[in-house]
**Q** 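Please find one structure pasted underneath; my questions will follow.
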Amino acid sequence: MERGRLRAVFPFLAMLSSEVGLPGMPQELHKAYDPAAIEDRWAAYWVNERLFHAEAGDSAARPFTMLLPPPNVTGNLHMGHMFEHTETDILIRWHRMLGETTLWVPGTDHAGIATQMLVERQVTSEGKTRQQLGREAFIERVWQWREHYGGAILEQMKRLGASVDWSREYFTMDEGLSVAVKEAFVRLHEQGLIYRGAYIVNWCPRCQTAISDLEVVHEEQQGKLWEIRYPVLGKHGKPETGQFLTIATTRPETMLGDVAVAVNPEDARYRHLHGKKLLLPLMDREIPVVADSWVSADFGTGAVKVTPAHDANDFAIGQRHGLKSISVMDDTAHINAEGGKYAGLDRYVARKRILKDLEAQGLLGTVREHTNSIGKCDRCQTVVEPRLSTQWFVKIQPLADKAIEAVEQGYIKFTPAQYAKTYFEWMRNIHDWCISRQLWWGHRIPAWHCAACGKITVARETPAVCEHCGNANLTQETDVLDTWFSSGLLPFTVFGWPKRTRDLDNFYPTQLLLTGFDILFFWVARMIMLGCHFMSDVPMADGSERDLKDAVPFREVYIHALVRDADRQKMSKTKGNVIDPIEIVQRYGTDAVRFTLAAMASPGTDIAFSAARTEGYRAFANKIWNAAHLIFMNVDRAAEAGIHVDLGSENPANTLEARWIALRLNAVAGEMNQALGEYRFHEAANLVYQFFWGDFCDWYLEIVKLRLDFSDAADKATLALNTLVATFEAALRLLSPFMPFITEELWHAVYDGKPPAKSVALSQYPQANAKVVDAQTEAEMGQLQELIVTIRALRKDLEVPERELAAAEIQTSAAMQRLASDNHEIVQKLARVSAFTFPAESKLNPGNTRTTANFNVGLAFEKQIDVAAERERLQKKLEQYEKVLGNADRQLNNETFLAKAPEKIVAGLKKQASEAASLRQETLDAIEKLAQLA
RNA sequence: GGGCGGUUAGCUCAGUUGGUUAGAGCGCCUGCCUUACAAGCAGGAUGUCGGGGGUUCGAGUCCCUCACUGCCCACCA
């Protein structure tokens, strides 16, 4: 480490050492860590140097692969992304440092509806419609938009240091992926797992497309339940006077498409009407009364109007009773020609008109308030219309069966485990998947309609002629595929499927999927189904058959929590409580924000993000920065004395603090590896925080300062310096997955710009050595710390001025006397003691002494003693000891406890009891002494 | 209607398989500009672990129950 380097890392040092001198140091030169000064530089370095590029077969170790849940190409980075990316990046960086081939694949999703809506809005703002533009031109516009603005989120990820392999970036509409999507569709079709038919689907009148069940969000709403009287027809097709069947409905406008009224066959009230005809009001259509057990007698009037074209249940009733379906609404939820005089009206306008007309005819009965849940389009919040339409479906049961088995067999593990339950629940009640969308932007379905025979040809390439009749007059299906169909294939299509590539051999299955529960069904479940289905047919790398175990798309799923605002509210644009991660990052630095997220990421618990916490972790970064400052200053001083740091030294300092910090590092490394392996991010973060700040800075650094005298006893100082720098270097590695920027900067500085690897991210993660055990050092350091802390507290109580030193006297065991003497410099410095002695008995006032299980310590400092306050303090102590003692004695006198409790617990309790007993006695003595004094 | 969580210090939250005196950060109080760091150092106060019952030698942790609260799923017109 040379001065030049030091100045480069800490520019302010130049000022410090200049002739301006300390007192004159300009105020504006902040000594604090400035993340902005280093982060951009390293972010660019990592990308430009392609440090996180992985090749199949890079190492013998099992590869660790993860897929980035592709954000929408229209998306902007929000806190949820940053959280997800932070957790993923920590794991990825950790695994990379474990020496595994580590691959994180990034990409974006074309996001059919979302993107189309966005570009459509743009077109509209220019006074045009997408229809005027035409399909081809519109799609061209979307591509243009994508060129200019798409994938901003990936750029933001680069800035935040996500260690992904950018050379593998994909877009779900890329040529290669499009071929794969076609292939998947055609294969499913060949296997009889795709069919086309007219069914009730959820229709969004605004997006003018079908959407899947999952894309409908249900909302409770206060609505009305209207009763409508349908006249009963007599023998001659004439209404029987005064005879009505009263139905109840929440959607009167659909009555235009009624084809029957259904009652429960057991319902005695209506048994006489079975088989009779009714006259559908307003439409003057004869409709039958049918008996169907789906109808419950106790809801409404017990009679249900049947509108097969506009309700899924009614459709099922229609099927059972051979009824026809009459669609009365068009794509935009306006009444169509089937609706007679209501044609052209919007559904809600029609509703009002219909109710008014019914009332005029005296056919409207009781109107009740009624809460029901209505379905809205996930994308645009428009109320969804169940509508009969011709769509493409995936026959899902065979796929679901395998997907269930994969999880049941443990081939895929969920964390937190409870999500497996949710998964099973959904998978076991799954419905066929409607995969066609009436959009323009997306993967167009590879099917062609024949103008001659009307049949469909499904093919990988545009067919020349109809496969059924040979006619050449073919037009391609206009529908596109659900976006989730293509993203469900990603775990293998990103590696080149349907081709059998080296990547596919090496990286499939991926190891872990880390994502939010909101896309558990949308995406996770679909990937499992499609992966198990398609990859079962792909042989293993060695050519052997692939079992279900290896067909799964990932071996583990980790479901992360939600990031909420500081008041635990969901962040939403409408609430205006969205925290922009970029803004927070600019304020506190990426490392601090990442650390906040990690430290709060306890599995299964939502995160209430608060900037106060981030402020604390910025302070942590600053602490590390300043520790580096201290270390580098000493490296610098050593260099002046001709001493150079030897990081590879096999000869560590053999001082108490050096042995102790090595033990701590070893223990913390072990605990961190353990915690990270179990996705306990918060625990790992707290461990490294506590280690760096508490152990390393507060104790080790303070002590080691005493050793760094390079003018005198330089050998010891050299050893101390080597150990110091080596420990710091290891601590940086330990922290680096959490705070990649500051650790990268300082790690390079430690090596004076000549590091053994291009990045700390490519160095090795510290591992625990189980053989490193040194109970004596641990105990001695513990006792020394207790002594120092006790003296410090006593100083406070005695109000010894901060600057003043005080003489101490200690009563303790011979061993501890030796310990204290051997380390008297440490005690003197950290506890601000001038000197200490070991008289057999203390002559000091009780207020001047403190007692612990290991020692009594007293300070000779004159203070007017407040007897009452002192008695109170001692009484409180006494109560505390007696409580402990009572508790311990009670258990130790309990024979069942002694018989059943583990030995370790009993021994611990005994020790505790004896300590408490002696402390109690000491306290009693002090109280007595105090009484004599008074 | 089904299912899953949560309730621990003023605030935000940890607390792995039941085990010795329940922790952290922030905030609060006190004293320090101690040449790495005031984004700091040192010391300190604060809890009937939501209520009730049970199992156990032992419960914040397991079981039952009640209360409050959040979320997911569902075709009741």
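Below, each value reflects all heavy atoms present in this structure, side chains not excepted, and no hydrogens, waters or symmetry copies. Order of the sequence lines sets the chain letters (A, B, ...), proteins ahead of strands, with each chain counted from 1. None of these values were measured; they are calculated from a predicted model.
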**Q** Specify the separation, in whole Å, of atom NZ of A:K876 and atom C1' of B:U46.
**A** 10 Å
**Q** With rounding to whole Å, what would you report as the distance between B:G44 and B:G18 at their P atoms?
**A** 34 Å
**Q** Taking atom C1' in both B:U30 and B:U20, what distance in whole Å separates the two?
**A** 32 Å
**Q** Output the single nucleotide from B:U20, B:A36, B:C73 whose closest atom is nearest the side chain of A:F521.
**A** B:C73
**Q** Return yes when atom CZ of A:R803 has more than 12 non-hydrogen atoms of other residues, nucleotides or ligands closer than 6.0 Å, and no otherwise.
**A** no
**Q** Looking at the side chain of A:K705, which of B:C76, B:C4, B:A36 is the nearest nucleotide?
**A** B:A36
**Q** Between A:F299 (CZ) and B:C75 (P), how many Å, whole number?
**A** 15 Å
**Q** Which is true for A:N372 with a 4.0 Å heavy-atom rule: it touches a base, it touches only sugar-phosphate, or it touches nothing?
**A** sugar-phosphate
**Q** Return the value, rounded to whole Å, for the distance between atom CG of A:D636 and atom C1' of B:A36.
**A** 14 Å
**Q** Would you kindly compare A:K421 and A:K904 by the position of their nearest RNA chain B nucleotide and give the one closer to the 5′ end?
**A** A:K421
**Q** Are any protein N/O atoms closer than 3.5 Å to N/O atoms in nucleotides 57-64 of chain B? If there are, list each pair with its distance.
**A**
from, atom 1, to, atom 2, distance (Å)
B:C57, OP1, A:K900, NZ, 2.5
B:C57, O2', A:N894, ND2, 3.1

**Q** In whole Å, what separates the C1' atom of B:C62 from that of B:U17?
**A** 12 Å
**Q** Counting side-chain heavy atoms from CB outward, which of B:G19, B:A77, B:G43 is closest to A:I905?
**A** B:G19
**Q** Does any N or O donor sit under 3.5 Å from an N or O acceptor when you compare the side chain of A:K796 with the base of B:A42?
**A** yes
**Q** So, A:R637 side chain and A:L708 main chain: donor-acceptor pair closer than 3.5 Å or not?
**A** yes
**Q** Measure CE/A:M600 against P/B:A14 and give the value in whole Å, please.
**A** 8 Å
**Q** Touch check for A:H310, heavy atoms < 4.0 angstrom, all strands: base, sugar-phosphate only, or nothing?
**A** nothing
**Q** What is the nucleic acid contact for A:W294, judged by heavy atoms within less than 4.0 Å: base, sugar-phosphate only, or nothing?
**A** base
**Q** Taking the C1' atom in each of B:C49 and B:G23, what is the distance between them to the nearest angstrom?
**A** 12 Å
**Q** Compare the minimum distances between each of B:G40, B:C4, B:A77 and the side chain of A:A619, then state the nucleotide with the smallest one.
**A** B:G40
**Q** So that I know where these two stand, are A:Y199 and A:H431 an aromatic pair - ring centroids less than 6.0 Å apart?
**A** no
**Q** Calculate the interatomic distance between A:L919 atom CG and B:U21 atom C1'; express it in whole Å.
**A** 12 Å
**Q** From C-beta outward on A:F517, which listed nucleotide comes closest to its side chain: B:A77, B:C71, B:U20?
**A** B:C71
**Q** Ignoring hydrogens and geometry, is there a side-chain-to-backbone donor-acceptor pair from A:D591 to A:I742 under 3.5 Å?
**A** yes
**Q** Suppose you measure atom P in B:G25 against the same atom in B:G43; what distance do you get, rounded to whole Å?
**A** 12 Å
**Q** Reckon A:D311 touches a base, only the sugar-phosphate, or nothing at all at heavy-atom distances under 4.0 Å?
**A** nothing
**Q** Going by an N to O cut-off under 4.0 Å, is there a salt bridge joining A:R229 and A:E227?
**A** no
**Q** Closest approach to the side chain of A:H218, judged atom by atom: which nucleotide of B:A42, B:A74, B:C37 is it?
**A** B:A74
**Q** Roughly how many Å apart are B:G10 and B:A45, using the P atom of each and rounding to a whole number?
**A** 15 Å
**Q** Would you say the side-chain atoms of A:E215 pair up with the backbone N or O of A:S212, donor to acceptor, closer than 3.5 Å?
**A** yes
**Q** Does B:A24 have OP1 or OP2 under 4.0 Å away from a side-chain N or O of A:W693?
**A** no
**Q** Quote, to the nearest angstrom, the C1' distance that separates B:A24 from B:A67.
**A** 30 Å
**Q** Whole angstrom is fine here: how far is it from CZ in A:R637 over to C1' in B:U35?
**A** 11 Å
**Q** Within the modelled atom types, does a donor on one side and an acceptor on the other bring the side chain of A:K623 and the base of B:C37 under 3.5 Å apart?
**A** yes
**Q** Which nucleotide sits closest to the side chain of A:R618: B:U12, B:A36, B:A39?
**A** B:A39
**Q** Check the pair A:V750, A:L732 against side chain to side chain contact (heavy atoms under 4.5 Å, CB included), reporting the backbone distance first and the verdict last.
**A** CA-CA 10 Å; A:V750 161; A:L732 289 174; 4.1 Å; yes
**Q** Closer than 3.5 angstrom, by distance alone: can the side chain of A:R832 be matched with the main-chain N or O of A:R795 as a donor-acceptor pair?
**A** no
**Q** Given the structure, check if the side chain of A:E227 and the base of B:A77 hold any donor-acceptor pair shorter than 3.5 Å.
**A** no
**Q** Under 3.5 Å, is there a donor-acceptor pair between the side chain of A:R792 and the main chain of A:L830?
**A** yes
**Q** Could you give the CD1-to-C1' distance, from A:I631 to B:A36, as a whole number of Å?
**A** 9 Å
**Q** Are the side chain of A:K829 and the backbone N or O of A:E702 linked by a donor-acceptor pair below 3.5 Å?
**A** yes
**Q** Quick one: label A:E702 by what it contacts on the DNA or RNA (base, sugar-phosphate, nothing), any heavy atom closer than 4.0 Å.
**A** base
**Q** Rounding to an integer number of angstrom, what distance separates B:G70 and B:C28 when you compare their C1' atoms?
**A** 31 Å
**Q** Given B:C76, B:G15, B:C37, which nucleotide is nearest the side-chain atoms of A:H682?
**A** B:G15
**Q** My validator wants the stems of RNA chain B: runs of 3 or more consecutive Watson-Crick or G-U pairs, both distances under 3.5 Å, written as range with range.
**A** B:1-7 with B:67-73, B:10-13 with B:23-26, B:28-32 with B:40-44, B:50-54 with B:62-66
**Q** Would you find a donor on one side and an acceptor on the other, under 3.5 Å apart, between the side chain of A:R920 and the backbone of A:Q880?
**A** no
**Q** Which nucleotide in the list B:U12, B:C73, B:A39 gets nearest to the side chain of A:N622?
**A** B:A39
**Q** With distance as the sole test, does A:D292 use its side chain to make a donor-acceptor pair with the main-chain N or O of A:W294 at under 3.5 Å?
**A** yes
**Q** Considering every strand and a 4.0 Å limit on heavy-atom distances, what is the contact class for A:E895: base, sugar-phosphate, or nothing?
**A** nothing
**Q** Give A:F620 one of three labels, base, sugar-phosphate or nothing, depending on what nucleic acid heavy atoms sit under 4.0 Å from its own.
**A** nothing
**Q** Using atom CG of A:L701 as one end and atom P of B:G40 as the other, report the distance to the nearest whole Å.
**A** 16 Å
**Q** Indicate, with a heavy-atom threshold strictly under 4.0 Å, whether A:V789 touches base, sugar-phosphate, or nothing.
**A** sugar-phosphate
**Q** Using heavy-atom distances to pick each residue's nearest nucleotide on RNA chain B, tell me which of A:E425 and A:K883 is more 5'.
**A** A:E425
**Q** Please step through ring-ring contact (aromatic ring centres under 6.0 Å, His included) for the pair A:F299 and A:H370, ending with a clear verdict.
**A** CA-CA 12 Å; A:F299 184 89; A:H370 180 71; 5.6 Å; yes
**Q** Among B:A42, B:C76, B:C32, which nucleotide has an atom closest to any side-chain atom of A:E802?
**A** B:C32
**Q** Check whether the ring centres of A:Y689 and A:Y617 lie less than 6.0 Å apart, and answer yes or no.
**A** yes
**Q** What's A:S296 touching, base or sugar-phosphate or nothing? Going by heavy atoms closer than 4.0 Å.
**A** base
**Q** Any side-chain N or O of A:H629 less than 4.0 Å from the OP1 or OP2 oxygen of B:U35?
**A** no
